[in-house]
Engineer: 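Once you've had a glance at the structure underneath, I'll fire off some questions.
Basis for what follows: all heavy atoms, side chains included, without hydrogens, waters or symmetry-related copies. Heads up: numbering here begins at 1 and tracks the sequence.
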Amino acid sequence: MCKSNEEKFLQHGVPKTTEAFDTSLFKDLCDAHCHAHDDRENLQLISELKTGHITLMGVRQDDWDIVSKVAKECNQKQENKCIPSFGVHPWFSHFLMVQEENDIEQHYKRILTSKDTNELEDMLKALNQLPTFTYDVWYNNLRQHLLDHPKALVGEVGIDKAAKLLPGGSIAWHGVKPTSVQCSVEHQMSIFDIQCKLARELNRGISVHCVQGQGPLFNYLKAQSNQFSTRKLKLLKEKPNTLRMCLHSYGGAPGSIKQFLELKGFRIYVSFSVGINARMTPAPKLQELIRAVPEDRLLIESDLDSPEALDACMVDIVQIVAEARQWSIAKVVEVTHQNWIRFQLDDDAINSIS
């Protein structure tokens, strides 16, 4: 999630095509991952965006209703303008219990770690006073939101080994110095696993955040992939759905992309943004990453938390991709538009509109 500041984002130094962006292409421009609803004072601007389609990511239970409201309002003005997504981000996974848990105090003692015992004790006291959700509560809430929105995706979910909790268990992260307290990777992966299984069951795409966790993420996906061998599938009465997954604002090793794409039981897409990739990835590496993604798996996004700079950042990432791939701007928009449709919809839905 990136705090919106157009001037800051557009001064990144990554090479861009000199071709001008034809404004008639906005209608097919697709933002695969954003949090524009975080800017509560400018919600009305979301439906006025020039970008033709946006994928609005919920990150915790208390923002899902805003995501739902914004999506419905946008789509009343333009069909499929806004695709809602509901999920729990790894930054907030500690608020959720897994199936076998019911004791809040023991839950936090099990999943939280810190080298600073005093800071850990303060955090445990603070969290015991905040809402913590048993599995039945949060899972059924997520499932119901997805059922209420047949086109909704699951996201934003994932793993973040670098994330640290904020003082007092706060969720307002802008400009706040974090503590040393962290949620265990094991718990993050447990919550991720539950959300992945739900996405597969309901045949929804899923948008994944991964920071310093490529190893655990790949190992998890590899273990799932092993269940999709030809021999094992023959033993099943019903073949499981292929899970459509977007690795959003991907910043891992270029060589890892092929490994992810080869996993059976998944259809992996890879997305890039100005807010994260252009600012934080060296330009040569970003260009190599963009070129490493097969044409039919490439997505683009803003990852912005406001609609204010979203259009400009989407045009910017189009120009970056065009330069890296040596494509025309029109081809970048067309390719990523078609890929966004395939990521968003299952094969039956795609066939019904093709």
Side-chain angles (χ1 to χ4, degrees), residues 1-6 8-10 12-14 16 29-38 51 53-59 83 85 87-92 153-163 173-174 188 192 205-214 216-218 221 244-254 256-257 260-261 268-293 297-306 309-321 324-325 332 336 339-340 343-344:
M1 288 175 281
C2 297
K3 192 165 181 63
S4 179
N5 183 314
E6 182 174 331
K8 176 181 69 176
F9 288 145
L10 301 184
H12 47 67
V14 180
K16 302 188 296 183
L29 190 57
C30 301
D31 184 346
H33 186 111
C34 74
H35 306 270
H37 64 289
D38 280 358
T51 298
H53 306 277
I54 64 169
T55 318
L56 205 60
M57 294 287 150
V59 296
I83 301 301
S85 304
V88 178
H89 193 287
W91 293 354
F92 311 110
L153 307 180
V154 177
E156 177 180 1
V157 305
I159 177 173
D160 193 324
K161 292 180 70 174
W173 57 276
H174 288 309
Q188 291 184 43
F192 178 64
I206 187 167
S207 190
V208 176
H209 167 110
C210 183
V211 174
Q212 297 182 17
Q214 273 199 37
L217 175 63
F218 182 80
L221 298 181
R244 308 183 303 280
M245 177 176 289
C246 174
L247 304 179
H248 105 88
S249 286
Y250 183 82
S256 298
I257 291 175
F260 279 107
L261 295 178
I268 304 290
Y269 294 86
V270 184
S271 183
F272 300 102
S273 67
V274 169
I276 297 294
N277 298 114
R279 289 193 307 130
M280 300 181 180
T281 307
K285 179 183 176 182
L286 177 54
Q287 290 184 306
E288 185 181 358
L289 284 169
I290 292 170
R291 289 192 290 265
V293 181
R297 301 300 179 89
L298 179 65
L299 293 171
I300 53 176
E301 61 174 272
S302 70
D303 197 26
L304 294 190
D305 68 348
S306 169
L310 193 149
D311 286 332
C313 285
M314 287 303 298
V315 169
D316 210 50
I317 192 61
V318 167
Q319 293 174 322
I320 287 172
V321 172
R325 304 284 301 228
V332 175
T336 55
N339 291 345
W340 179 80
F343 167 58
Q344 172 209 337

Engineer: Mark yes or no for whether R244, through its side chain, and F343, through its backbone, hold a donor-acceptor pair below 3.5 Å.
Structural biologist: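 At least one qualifying donor-acceptor pair exists.
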Engineer: L29 and T51: which non-hydrogen atoms are nearest, and at how many Å?
Structural biologist: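 That closest heavy-atom pairing would be O-CG2, 3.4 Å.
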Engineer: If you take all heavy atoms of V14 and H12, which pair is closest and at what distance?
Structural biologist: N-ND1, 2.9 Å
Engineer: Write down the atom of P216, the atom of I159, and the distance for their closest heavy-atom approach.
Structural biologist: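 Reported closest heavy-atom pair: CB-CD1, 3.7 Å.
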Engineer: Without swapping roles, check the side chain of D31 against the backbone of S302 for a donor-acceptor pair under 3.5 Å.
Structural biologist: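 Such a contact is found between D31 side chain and S302 backbone.
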Engineer: What's the separation between atom CG in D311 and atom CG in L304, rounded to the nearest 0.5 Å?
Structural biologist: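 That separation rounds to 10.0 Å.
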Engineer: Which pair of non-hydrogen atoms, one from E156 and one from H33, has the smallest distance, and what is that distance?
Structural biologist: OE1-NE2, 3.2 Å
Engineer: Do I300 and M314 come close enough that some side-chain heavy atom pair is under 4.5 Å?
Structural biologist: yes
Engineer: Among S273, S207, S271, find the one that has a side-chain hydrogen bond (donor to acceptor under 3.5 Å, both in side chains) with S249.
Structural biologist: S273
Engineer: So does L299 get a backbone contact from the side chain of T336, meaning a donor-acceptor N/O pair under 3.5 Å?
Structural biologist: no
Engineer: Does K285 reach the main-chain N or O of P254 with its side chain, forming a donor-acceptor pair under 3.5 Å?
Structural biologist: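 Checking the backbone N and O of P254 against the side chain of K285, no donor-acceptor pair under 3.5 Å is found.
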Engineer: Test F272 against every option in T281, L289, D303, L247 by the side chain to side chain contact (heavy atoms under 4.5 Å, CB included) rule and name the one that passes.
Structural biologist: L289
Engineer: Between CD of Q212 and CG of L217, what distance do you get to the nearest 0.5 Å?
Structural biologist: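 These two atoms lie 14.0 Å from each other.
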Engineer: Do H209 and W91 come close enough that some side-chain heavy atom pair is under 4.5 Å?
Structural biologist: yes
Engineer: Please report the closest heavy-atom contact between L56 and H35, naming both atoms and the distance.
Structural biologist: CD1-C, 4.3 Å
Engineer: Can you tell me how far apart OG1 (T55) and NE2 (H248) are? Round to the nearest 0.5 Å.
Structural biologist: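 Answer rounded to 0.5 Å: 12.0 Å.
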Engineer: Side chain to side chain contact (heavy atoms under 4.5 Å, CB included) between I257 and R297: does it pass, once the steps are laid out?
Structural biologist: CA-CA 10 Å; I257 291 175; R297 301 300 179 89; over 6 Å; no
Engineer: Kindly compute the distance separating CH2 (W340) from CD1 (I54), expressed to the nearest 0.5 Å.
Structural biologist: 9.5 Å
Engineer: Please round to the nearest 0.5 Å and tell me the distance separating atom CD of Q344 and atom NE2 of H53.
Structural biologist: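 Reported to 0.5 Å precision, the distance equals 8.5 Å.
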Engineer: Search all heavy atoms of A324 against all heavy atoms of I290 and return the closest pair with its distance.
Structural biologist: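 In terms of heavy atoms, the two residues are closest at CB-CG2, 3.9 Å.
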Engineer: Quick check against the 3.5 Å criterion: does N277 have a side-chain atom that pairs as donor or acceptor with the backbone of Y250?
Structural biologist: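 Confirmed, N277 side chain pairs with Y250 backbone.
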Engineer: Could you give the distance from CG (L10) to CZ (R279), rounded to the nearest 0.5 Å?
Structural biologist: 11.0 Å
